[in-house]
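In the text below, chain A, chain B and the rest are named by the order of the sequence lines, each starting its count at 1.
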Amino acid sequence: MNFFRGAAVIAAKDLRSELRTKEALNATISFALAILLLFSFAFDPDADMVKQISGGLLWLVFAFSSALILNRSFAREVPNDCLDALISSPASGAQLFLGKAAANYALLLVVEAVALPVFGIFYDAHWTRQLGLLVLVLLLATWALTVIGTTFSALTVNLRLRELMLPALVYPALVPALMAAIQLTNVLVGSDTLDRENYIWFRLLAGFDVIFTLLGLAMAETVFVG
Amino acid sequence: MPDGAATVQIEGVWKYFGDYPALRDISFDVEAGACLALLGRNGAGKTTLLRILGGLSRPARGRVRVLGGDARTASVRERIGILGHGIGVYDELSATENLEFHARLHGMRDPRAVALHWLERTNLLPVRDGLAREFSRGMRQRLAVARAFLHEPMLMLLDEPFTALDDRAIALLQSLLAGARSRGATIIMSTHQLREALELASDVALILRGSLAYRGERTPEMLADAGWLYRHYGEKE
């Protein structure tokens with residue numbers, strides 16, 4: 001079976017499962033919106049403050065709420081020993097990883113697509129002024145979140161305390177990507193122009209994505225089979 | 001796989017859980033077309049061995065060849081069918097969606113047709129669009145059997161296949177196993193239900209505390225007296 005077709009079959013199954021139950025999606029969107037709402041009441045930020053905190057606020061919301069979707073990714077395979085059925089199928093560990101990651105990526109992008117306009121309304125932020133570049137940051141940083149989260153979701157799937165272990169493992173590993181995403185989002189939402197120094201953060205994000213995607217694909221077989 | 005070669009070759013396999021050796025130097029072959037009953041008490045290592053044969057785990061030491069290759073190669077795994085303790089179907093998907101998904105994973109040409117064919121064979125066609133979580137236990141078991149057999153595997157690995165099955169599912173499984181043997185498939189099943197297993201088996205392996213205690217053909221003595229093997233080769237109480 002073609003490598004990408006196998007991954008697509010797994011991704012389609014995960015998306016179908018999630019869209020039918022909406023367990024993780026509803027919880028994640030509710031959580032993200034609740035944090036945005038609470039912060040807007042807590043700080044009542046003016047335009048200058050929004051410029052300073054928009055990146056940090058958005059990416060903390062995305063990172064923390066994503067844990068719900070990432071946890072469900074492999075936890076969904078635990079009842080009925082579905083993970084064994086997947087691992088024993090002709091799909092390779094790398095296909096399984098990529099399929100799961102693709103489904104998680106799509107779900108996280110949906111959460112961000114809902115949360116961003118709400119952020120704009122609550123904080124009176126003009127986030128669409130450099131929409132193209134902001135979308136690029138979202139795509140790159142969300143993929144970073146996805147590959148790290150999917151890898152650790154697979155590693156922790158059989159742990160009793162996986163809901164606690166996943167964030168403890170994911171967030172430290174994500175620090176470089178989150179720093180880059182926060183810096184770039186601050187500039188783009190604050191309507192500043194990107195200078196040469198800012199492009200280093202783009203390169204960092206792209207490099208992070210490539211390295212951890214390759215690592216995830218290479219380690220998948222060991223993670224699943226030992 | 002060359003003609004005459006064993007379907008399964010196990011050489012000096014060890015497996016540890018922590019420091020505890022769950023399998024100790026297991027070696028035996030299973031010929032093509034054989035039906036091997038893998039016997040042993042709880043914790044003997046039967047499931048561990050089946051998991052290694054199915055590519056779900058790796059041995060710490062030793063070598064395993066399945067259908068002429070490594071169990072983790074895709075070409076080998078697409079010819080293995082596993083029916084384990086869990087049914088391996090998704091509660092939130094319909095019966096058709098579950099079987100279609102597994103047919104797609106096995107690269108089958110018309111996954112929808114395959115799914116419908118197996119739903120018909122397992123008498124689940126009338127509830128094809130029902131979610132698995134809404135099924136009775138017996139229906140879920142039949143769906144699991146369909147999932148394990150739909151790609152017509154040449155090696156079936158069954159872990160306690162008759163446990164918790166209802167009469168209809170047992171009859172279905174027995175007929176599918178007979179069909180698999182008639183097309184030359186090899187069957188390895190671990191079980192506590194000695195009588196049912198010995199009636200189906202052509203060969204027997206007995207594992208005691210991770211070590212192979214007996215490996216040979218099933219004999220008339222075993223069939224006549226299901227406890228014969230344990231009395232002659234089992235641990236003394």
Side-chain angles (χ1 to χ4, degrees), chain A residues 1-26 72-100 102-103 107 154 157-158 218-226, chain B residues 15-17 47 50-60 66 70-94 97-98 100-109 111 131-133 135 140-141 143-144 147-148 150-151 153 155 157 159:
Chain A
M1 184 173 40
N2 175 293
F3 180 83
F4 291 103
R5 187 178 297 172
V9 167
I10 292 163
K13 185 274 295 172
D14 269 18
L15 288 174
R16 189 190 291 260
S17 290
E18 180 52 41
L19 293 179
R20 187 153 292 156
T21 62
K22 298 188 185 68
E23 285 172 347
L25 202 56
N26 282 347
R72 278 297 296 156
S73 178
F74 278 92
R76 173 178 292 127
E77 307 293 340
V78 173
N80 302 334
D81 288 347
C82 289
L83 190 56
D84 280 356
L86 268 185
I87 296 170
S88 64
S89 78
S92 66
Q95 281 174 310
L96 181 48
F97 169 80
L98 191 62
K100 288 273 176 195
L107 293 172
V157 66
N158 289 316
M219 290 183 346
E221 196 71 10
T222 307
V223 169
F224 295 126
V225 186
Chain B
K15 178 77 181 177
Y16 294 89
F17 292 120
T47 299
L50 283 177
R51 287 180 68 81
I52 289 172
L53 297 180
L56 293 168
S57 174
R58 291 190 204 279
V66 177
D70 185 299
R72 283 310 299 166
T73 56
S75 61
V76 169
R77 285 205 309 280
E78 66 190 18
R79 290 181 291 152
I80 299 178
I82 298 181
L83 191 56
H85 290 169
I87 57 174
V89 298
Y90 296 92
D91 288 338
E92 64 276 16
L93 298 184
S94 71
E97 287 166 347
N98 265 296
E100 253 190 276
F101 169 62
H102 285 283
R104 281 186 209 284
L105 278 184
H106 281 89
M108 303 183 81
R109 197 163 294 167
L131 301 184
R133 67 161 171 253
F135 285 7
R140 288 158 63 86
Q141 288 158 346
L143 188 58
R147 174 196 60 75
L150 63 73
H151 55 296
L155 172 65
L157 302 172
D159 196 0

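Interface summary for chain A: among B/Asp91, B/Ile80, B/Leu157, the most heavy-atom pairs under 4.5 angstrom belong to B/Asp91. For the set B/Arg72, B/Glu78, B/Arg147, the entry with the most heavy-atom pairs within less than 4.5 Å of chain A is B/Arg72.
Using a 4.5 Å cut-off on side-chain heavy atoms (C-beta onward), B/Tyr90 and A/Asp14 make no contact. Looking only at side-chain heavy atoms (C-beta outward), B/Arg140 and A/Asn80 come within less than 4.5 Å of each other. Put simply, the side chain of B/Arg51 reaches to within 4.5 Å of the side chain of A/Asp84, judged on heavy atoms.
Of all heavy-atom pairs between B/Leu105 and A/Ser89, the closest is CD1-OG, 3.7 Å. Scanning both residues, A/Ser88 and B/Gly54, for their nearest heavy atoms gives CB-O, 4.1 Å. Taking all atoms of both residues into account, the shortest heavy-atom contact from B/Gly88 to A/Cys82 is C-SG, 3.8 Å.
A/Ser17 touches chain B through backbone and side chain together, each having a heavy atom under 4.5 Å away. Contacts between A/Leu83 and chain B at a heavy-atom distance below 4.5 Å are absent for every atom of the residue. In this structure, chain A has a heavy atom under 4.5 Å from the side chain of B/Ile82, while its backbone stays farther away. Heavy atoms closer than 4.5 Å to chain A are found in the side chain of B/Leu131, but not in its backbone. Neither the backbone nor the side chain of B/His151 comes within contact range of chain A; no heavy atoms are under 4.5 Å apart.
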Worked verdict on B/Glu92 versus A/Glu23 for side chain to side chain contact (heavy atoms under 4.5 Å, CB included): CA-CA 11 Å; B/Glu92 64 276 16; A/Glu23 285 172 347; over 6 Å; no
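The main-chain N or O of A/Ala91 is found under 3.5 Å from a side-chain atom of B/Arg77 such that the two form a donor-acceptor pair.
Put simply, CZ on B/Arg104 and CD1 on A/Ile10 are 13.0 Å apart, with the number rounded to the nearest 0.5 Å.
Heavy atoms of other residues, nucleotides or ligands lying less than 6.0 angstrom from OH of B/Tyr16 number more than 12.
Using a 4.0 Å cut-off between charged side-chain N and carboxylate O, B/Glu97 and A/Arg20 make a salt bridge.
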